[in-house]
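To keep things clear, I will list the structure first and then write my remarks on it.
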Amino acid sequence: MILWSPTAERIQGSALREYLDWLEEREGRPFADHDALWAWSVEELDRFWLSIVDYYGVDFSAPWTQVRTADPMPHTRWFTGARLNWAQHVLRRGPDSSVALLCVQEGGSPARDITWGSLRRSVAAAAGWLRRAGVRPGDRVCAYLPNTEHAVIGLLAAAAVGAVWSCCSPDFGAEGTIGRLAQLEPTVLIAVDGYHWNGKEIDRADVVARLREKLPTVRHFVHVPYVFDRPAPADAILWDEILAEDAPLEFEQVEFSHPLWVLFTSGTTGLPKGLVHGHGGMTLQGLMWSGLYCGLREGERMFTFTSTGWALWNMQLGALAQGASIVLYEGSPGHPAGAVFEVAARTEADVLLLGAAVVTATANTGVSPRQEYDLTRLRHIMISGSALPSAGYHWIMEHVGPDVRIDSTSGGTDISGAFVGANEYAPVRVGRIGGLLAGVDCAAWDEDGHPVVDEVGDLVVTRPIPSMPVCLWNDPDAVRYTESYFETWPGVWRHGDWVTFYSDGSLAIHGRSDSTLNRQGVRLGSSDFYDVLETMPEISETLVVGVDQPDDGYWLGLFVVPAPGHELDDSLKQKIVQTLRTRLTPRHVPDEILEAPAVPHTLSGKRLEVPIKKLLSGRPLEKAANIASVDDPDALRWYARFAASRL
């Protein structure tokens, strides 16, 4: 069902059409629409990415020798020999007196406006401080910060020096944060004292103290006094101190694939995987996505509801490279009800990016943003994190605006970007994603590796993209990288999503085909659950599984094997809930906590998360697992009986 179609005037005035007109002259051939662009972009992959370099004026301080090496994924390297700096491209546009960042806190307080000039001065000062502190290219600068200017300045300063950035949101507990940042052996830690959520001030002093204790490589600790008025921790450097001394704005020129930041996936076993993204790939991805698909131009505004723990936070920074400003919102999306849309109206956002769960939650409150706020400037709503339910499409049209283009997208932390989404030519179909993105050669494959249309298959990417990870952290021979994405089909990226590509050009994502958990649009690692719960004396072992439900629902179940002498009574259930809520995040609290006799494993000791998820999704036992490879077949049969009783 087509809900909305673009007008000819809208298409003609778009940033995408402006690029296509330029491309027609460059290539000497017509590009009538986005379909023509996509077909050319995957056929002439090198020429397409060269066009992005030239159209957006990517500034290479040393020339490239080869657009792309012939090595198969994951070993492909782009623009070999080229040198640049991502932060330089982010900060090169925008008049000094114009607003770059609009910082908003939940509760309706006035925005803190930070101009381009002020942002550049702050980044230069922070980078100067890092250099004086001995931080060199390749060193790690890590942070525990909310979605505020401190994180933006910190990242840009680290990038300007050539250091590697990684940030965890302060709604992460100590264990989840340490499990990520300790892998990086950071030199500098920047941490906040607390954050705001649902009208409450959340104190993180104890967590920060634990981080300092468990990150022994940190030589410099920077304290950000954001929520509470109290003395700084011992030996801390105050945030204002690192911005106090002006310095020249200098950008270390690094190789195209030099590490920029590390984003962590939520692995199902062991420590979370650290995905290393490079300066060059993020520069090209950010320019293409913010320009051709967000359609942003200098002076416009983008508001992304995100935390610093989500890849959307990193993605939004591409807007700055267009000279557009970004809105940084710190707090709950629903305090008060409809808060995200109130902020979008107040900050006069042109583009809004948020998770599907926020749309659903707002709709359930009965708030009608269109009736309460002036959203006339909002032209484009991008939805990520999970599929937008069909009712969500109709709600946006009715309660946000009939001329707002709904753009459901899907990508991931894996590429710090999107694989699929809409474009200015695509109609909006209820329950569907608009189509493919330029330069991304993806398809749905069946179990035998054959492309399928109008039926469910595995989402695969068959040709490399510059924004794919340069490597995984501490994976020098790319063993873990290959196992994560290329083990099923060598040289072909298997993303782990079930997808249907329809013959009309649209598509639908049906959820994860692996055991990654996805709660309210945020992926959660099962290993985080185990690390926290299995230190409790009452618990022998646990298993957590997430299952997509009909009508776009999602069920997160926790199976608990009590320790000898204990039982899973209401008291223990409450203790589990409290532990997950305080040591991880409220998102980690399961929908149901169930007692199980045992947890089955592979013969190598890995919990059978994927087979049990398949059982709970309706697969018969013989198709969900190979009994011969299970250490406790009777335990697996118990889960099969449990699943059958629930279907």
Side-chain (Asn147) to main-chain (Tyr329) donor-acceptor, under 3.5 angstrom: yes

Separation between CZ of Arg463 and OG1 of Thr76, rounded to the nearest 0.5 Å: 10.0 Å

Beyond-backbone contact of Leu543 with Tyr639, side-chain heavy atoms, under 4.5 angstrom: yes

Listed once per pair and sorted, the side chain to side chain donor-acceptor pair (under 3.5 Å) pairs that draw on residues 434-443, sequence neighbours left out: Asp441-Thr462

Pair Met397-Ile406, side-chain contact (heavy atoms from CB on, under 4.5 Å): steps then yes or no: CA-CA 9 Å; Met397 286 284 106; Ile406 303 170; 3.8 Å; yes

Verdict with reasoning, Tyr55 to Glu18, per side-chain contact (heavy atoms from CB on, under 4.5 Å): CA-CA 10 Å; Tyr55 184 70; Glu18 188 175 313; 3.6 Å; yes

Rounded distance [0.5 Å steps], CD in Glu300 versus OG in Ser325: 9.0 Å

Whether Trp40 and Phe48 hold their rings parallel, tilted or perpendicular, with breakpoints at 30° and 60°: perpendicular

Flag, side chain of Arg432 to backbone of Ser408, donor-acceptor distance under 3.5 Å: no

Point-to-point distance, once rounded to the nearest 0.5 Å, from SG of Cys442 to CG of Leu436: 4.5 Å

Centroid separation Trp261 to Trp313 less than 6.0 Å: no

Pairwise side-chain contact, Val470 with Arg77, heavy-atom cut-off 4.5 Å (strictly under): yes

With Val327 via side-chain contact (heavy atoms from CB on, under 4.5 Å) - residues at least two apart: Leu102, Val104, Phe303, Val343, Thr347

Geometric class of the Trp493/Tyr481 ring pair [parallel <30°, tilted 30-60°, perpendicular >60°]: perpendicular

Closest approach of Gly457 to Ala444 (non-hydrogen atoms, all atoms of both residues): CA-CB, 4.1 Å

Inter- and intrachain pairs under side chain to side chain donor-acceptor pair (under 3.5 Å), touching residues 281-295, at least two apart: His34-Tyr293, Gln285-Ser467, Ser290-Gln322

Minimum heavy-atom distance Ser166-Val262, with the two atoms named: OG-O, 2.9 Å

Asp497 side chain to Val499 backbone, donor-acceptor under 3.5 Å: no

Side-chain donor or acceptor of His89 paired with backbone N/O of Leu284 under 3.5 Å: no

Side-chain donor/acceptor of Thr585 to backbone N/O of Asp171, under 3.5 Å: no

Separation between CD of Gln316 and CE of Met382, rounded to the nearest 0.5 Å: 12.5 Å

Side chain to side chain donor-acceptor pair (under 3.5 Å) evaluation trace for Ser51 with Tyr19: CA-CA 9 Å; Ser51 80; Tyr19 162 77; 2.8 Å; yes

Contact summary for Pro333 and Val358, nearest pair of heavy atoms: CB-CG1, 4.0 Å

Heavy-atom closest pair, residues Ser41 and Gly439: OG-N, 2.8 Å

Side chain Asp350, main chain Arg301, donor-acceptor under 3.5 Å: yes

Student check: side-chain heavy atoms of Lys273 and Thr413 closer than 4.5 Å: no

Close side-chain approach of Leu37 and Leu16, heavy atoms under 4.5 Å: yes

Other residues, nucleotides, ligands: >12 heavy atoms within 6.0 Å of Glu25 CD: no

Report all side-chain donor-acceptor pairs from residues 1-12 shorter than 3.5 Å, counting only partners two or more places apart or in another chain.
| residue | atom | partner | partner atom | Å |
| --- | --- | --- | --- | --- |
| Thr7 | OG1 | Arg10 | N | 3.0 |
| Arg10 | NH1 | Asp403 | O | 3.1 |
| Arg10 | NH2 | Arg379 | O | 2.8 |

Evaluation steps, side-chain contact (heavy atoms from CB on, under 4.5 Å), between Leu472 and Leu275: CA-CA 5 Å; Leu472 301 191; Leu275 299 160; 3.2 Å; yes

Beyond-backbone contact of Leu155 with Leu317, side-chain heavy atoms, under 4.5 angstrom: yes

Ring centres under 6.0 angstrom apart (Phe256, Phe79): yes

Side-chain (Trp38) to main-chain (Val440) donor-acceptor, under 3.5 angstrom: yes

Heavy-atom side-chain contact between His394 and Val430 under 4.5 Å: yes

Donor on one side chain, acceptor on other, Arg17 and Tyr425, under 3.5 Å: yes

Heavy-atom pair of closest approach, residues Ser506 and Arg429: OG-CD, 3.9 Å

Close side-chain approach of Pro259 to His277, heavy-atom, < 4.5 Å: no

Heavy-atom neighbours of Arg297 CZ exceed 12 at 6.0 Å: yes

Separation of Glu342 CD from Leu375 CG (nearest 0.5 Å): 10.0 Å

Interatomic spacing from CG in Leu352 to CG in Leu378 - rounded to 0.5 Å: 6.0 Å

Trace of the side-chain contact (heavy atoms from CB on, under 4.5 Å) decision for Ile52 with Leu292: CA-CA 10 Å; Ile52 296 298; Leu292 303 188; 4.1 Å; yes

By side-chain hydrogen bond (donor to acceptor under 3.5 Å, both in side chains) - contacts of Asp454 (at least two apart): Ser503

Exam field: side chain Arg377 to backbone Glu348, donor-acceptor pair closer than 3.5 Å: yes

Which residues share a side-chain contact (heavy atoms from CB on, under 4.5 Å) with Val456, sequence neighbours left out: Trp498, Thr500, His510

Donor-acceptor contact below 3.5 Å, side chain Asp33 vs main chain Asp35: yes

Atom of Leu615, atom of Ala624 and distance for their closest heavy-atom approach: CD2-CB, 3.7 Å

Contact check, side chains of Phe172 and Arg180, non-hydrogen atoms, under 4.5 Å: yes

Any donor-acceptor pair under 3.5 Å from Thr409 side chain to Gly421 backbone: no

